[in-house]
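The structure's right below; bear with me while I get my questions together.
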Amino acid sequence: MTIESFLTNEFCKAIENLYSQTIDIKQVQIQKTKKDFNGDYTVNVFPFLKISRKSPEQTATEIGEFLKHNSKEINNFEVIKGFLNISFSNSFWINKLNETLLPIQTNTIDKKNILIEYSSPNTNKPLHLGHIRNNLLGHSLSEILKENGNKVTMVNLVNDRGIHICKSMLAWQKWGNNITPVEAIKKGDKLVGDFYVLFDKEYKKQISDLLSKGKTQKEAENEAPLILEAREMLQKWEAHDTEVLELWNKMNGWVYAGFEKTYNELGITFDKIYYESKTYGLGKDEVLKGVTTGALIKKEDNSICADLTSDGLDEKVLLRSDGTSVYMTQDIGTAIMRKNEFNADEMVYVVGNEQNYHFQVLKLVIKKLGYNWSDKISHLSYGMVELPEGKMKSREGTVVDADELIEEMYSTAKSISEELGKLDGIPENEKEEIIRMVGLGALKYFILKVDPKKNMVFNPKESIDFDGNTGPFIQYTHARIKSVIRKANEAGINIPKNISENTEINENEKSIIKLITDYNNIVFEASSELNPAIIANYTYSLVKEYNHFYHNCSILKEENSEIQSFRLLLSNSTAIKIKDSMKLLGINVPERM
RNA sequence: GGUUCCGUAGCUCAGUUGGAUAGAGCAACAGCCUUCUAAGCUGUGGGUCGCGCGUUCGAAUCGCGCCGGAAUCACCA
């Protein structure tokens, strides 16, 4: 039972006894007491004045007195205006701390089979900061959902086909002189990305050429020779033309090798990887089937659409007039395939908010096709990562490349630790490992501490901090605690298995216990909100509180042995919670730094 | 133009089942290492919570209207 529900019960009993009325537990609003006031939890008595027929102060005082005398866990209260601030006894808190040391029973009540899709890169350009946010969110959410006892399957869907891929293929064919990543001394994804950019450049030239010949913008875009060639290539691809397929396999192979390296650096993994090239066919079949059932309509130019006007949306094309598929087509196929394969209770898509419309349409079309599970699809719509001057633009070269950023994080971590001399005397390979941990920790925490739904700003000039509310600060606190524990071991001081409930504790220590006790609630909240930032903010407040304690109270030099062992245990428990929380964010913590 | 989202300190962000005096970090300034790791701790300054109206005991939080920004409304992905 949580502390909140325990307190709610006690409160209801008090109301019944004092005023002979039963109340709905939903009316009882419990919150943690604000720092400036005495108490652990606060109940607002305003909603109960009609029952008590007394002033707020009088009502709160009566209830407070009742609780204090009838509940052994509650030992004090204070009334300010209509707020009843309730304090639990120290022994109550010590018992709570002892409970956290018991083996954990995983919550199996809400256990679900959840499929989560994230990453979903295109194979025409390298990964950038926006993809990093996606990957980190997806990985962290998977960890959080697992921690809540769910069965989680992480999948990636690679967009490896489509007109965009043909563009880079065409450009390589025309101007590449058969160059390979090895010859270019470049990661494969980077090389392919270069050709995508080159296509765009040449295409734009042709468009402005046609514009000067009097064509409209739309005509120019549709009639430029390059785009016609790219479309032709896509048709050949869908017709399994051997030459096109060979080129496509070769270039995609380069890209996968490049992505693999970036995923490895970030610690991103998947249980299964889908390829759009293998799923779009099913989508096509489903769409054609939809025409025969009358769910979809075939136009006179042979294109196939879903009429969504009754849902307040427009018509959505699902197959082009030349018979080729669009992005939506494969997503329909993939969703159906997965549902059949995993029979998931929930299918979560981690995809940017620029695709909100896409998912609205996807759910509607799937429903139209006769599948009743369309409401099991949920879109974790995360915000864009922007620069101070706005969106990242590849044309202006302002895109923050994933590999370069990661590399920069390592070198910053390295120069900071060298400057501080923290890693002197540590073996070279361990040093290297710590530096990578800290650099990555800074990056990951920076991204994950922000509410996923919101857009966020990254300033390349200021880069990412290593002080204050950052990953390294949290990692540092963990290392500090570990250092104390090592010293305790050396001195032969043991960490106890539990604490006597009569141990004297101060306010500072009590605050830490409260935070440690709150861990399960926080994980549950993060899971139901699909929000890793909740974990990040929690960890920060725990660490902040611990450092305050560390500064004010000595541990190993404490003479009272009962207090000393309590403080050791408290420190150890804090370290465990830091490590657990950071794991949920995909961040490792070092033993020393 | 339609739809959706956002607007909190100079900057980056917390804070909404409506609650007490709106919080952190960075940046600036001033202190704290003969004492368990100073990537730390303490303090100072910094706010019309975009603006207005409403709902009520009470609004950063809910409703309506403006202003400003973003995304999207492709036979692109």
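Values below: all heavy atoms of this structure, side chains included; hydrogens, waters and symmetry mates excluded. Chain letters run A, B, ... following the sequence lines, proteins first and then strands; every chain starts at 1.
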| Touch check for A:Y540, heavy atoms < 4.0 angstrom, all strands: base, sugar-phosphate only, or nothing? | sugar-phosphate
Whole-Å distance, A:L234 CG to B:C76 P, equals 9 Å
_Taking A:D200 first and then A:K167, would you say they form a salt bridge - that is, a charged N and a carboxylate O separated by under 4.0 Å?_
no
For the ring pair A:Y275 and A:W248, is the centre-to-centre distance below 6.0 Å?
no
Practice prompt. Using a heavy-atom cut-off of under 4.0 Å over every strand shown, decide if A:T42 touches base, sugar-phosphate, or nothing.
Written response: base
A:K454 has its side chain closest, among B:C73, B:C6, B:A77, to B:C6
Q. Under 4.0 Å between a side-chain N/O of A:R592 and OP1 or OP2 of B:C36, yes or no?
A. no
Report yes if a side-chain nitrogen or oxygen of A:H548 is closer than 4.0 Å to either non-bridging phosphate oxygen (OP1 or OP2) of B:U42; otherwise report no.
yes
From CD of A:Q29 across to C1' of B:A20 the rounded distance in Å is 14 Å
*asked:* If the cut-off is 4.0 Å, is A:K316 near the phosphate of B:A74, judged by side-chain N/O to OP1 or OP2?
replied: no
key: Whole-angstrom distance between B:G58 and B:U21, as gauged at atom C1'   = 15 Å
Open item on the list: I want to check one thing: is the phosphate of B:U37, taken as OP1 and OP2, less than 4.0 Å away from some side-chain N or O of A:S483?
Closed with: yes
Here the distance between atom C1' of B:G18 and atom CD of A:Q31, to the nearest Å, is 10 Å
query = Ignoring hydrogens and angles, does a donor from either the side chain of A:N85 or the base of B:A20 sit under 3.5 Å from an acceptor on the other?
reply = yes
- Item | Phosphate OP1/OP2 of B:U35 contacted by A:K557 side-chain N/O (<4.0 Å) | no
Rounded to whole Å, NE2 of A:H379 lies from C1' of B:U72 at a distance of 12 Å
* Asked: Does the side-chain ring of A:F46 lie flat on the base of B:G58, meaning centres under 5.5 Å and planes less than 30 degrees apart?
  -> no
Does a side-chain N or O from A:K167 land closer than 4.0 Å to OP1 or OP2 of B:C76, or not? no
Subject >> Residue-phosphate contact under 4.0 Å: A:R320 side-chain N/O, B:C76 OP1/OP2 >> reply: yes
Notebook entry, point to check: Ring-on-base stacking between A:F473 and B:G40, under 5.5 Å between centres and under 30° between planes: is it there?
Noted result: no
Across the strands shown, which category fits A:N547 at heavy-atom distances under 4.0 angstrom: base, sugar-phosphate, nothing? sugar-phosphate
A:F199 CZ to B:C76 C1', in whole Å, measures 12 Å
Worksheet entry | From CA spacing to verdict: side chain to side chain contact (heavy atoms under 4.5 Å, CB included), A:Y546, A:I481 | CA-CA 10 Å; A:Y546 183 84; A:I481 297 174; 3.4 Å; yes
In whole angstrom, give me the gap between the C1' atoms of B:G23 and B:G15.
7 Å
Taken to the nearest whole Å, NZ/A:K544 to P/B:C26 is 8 Å
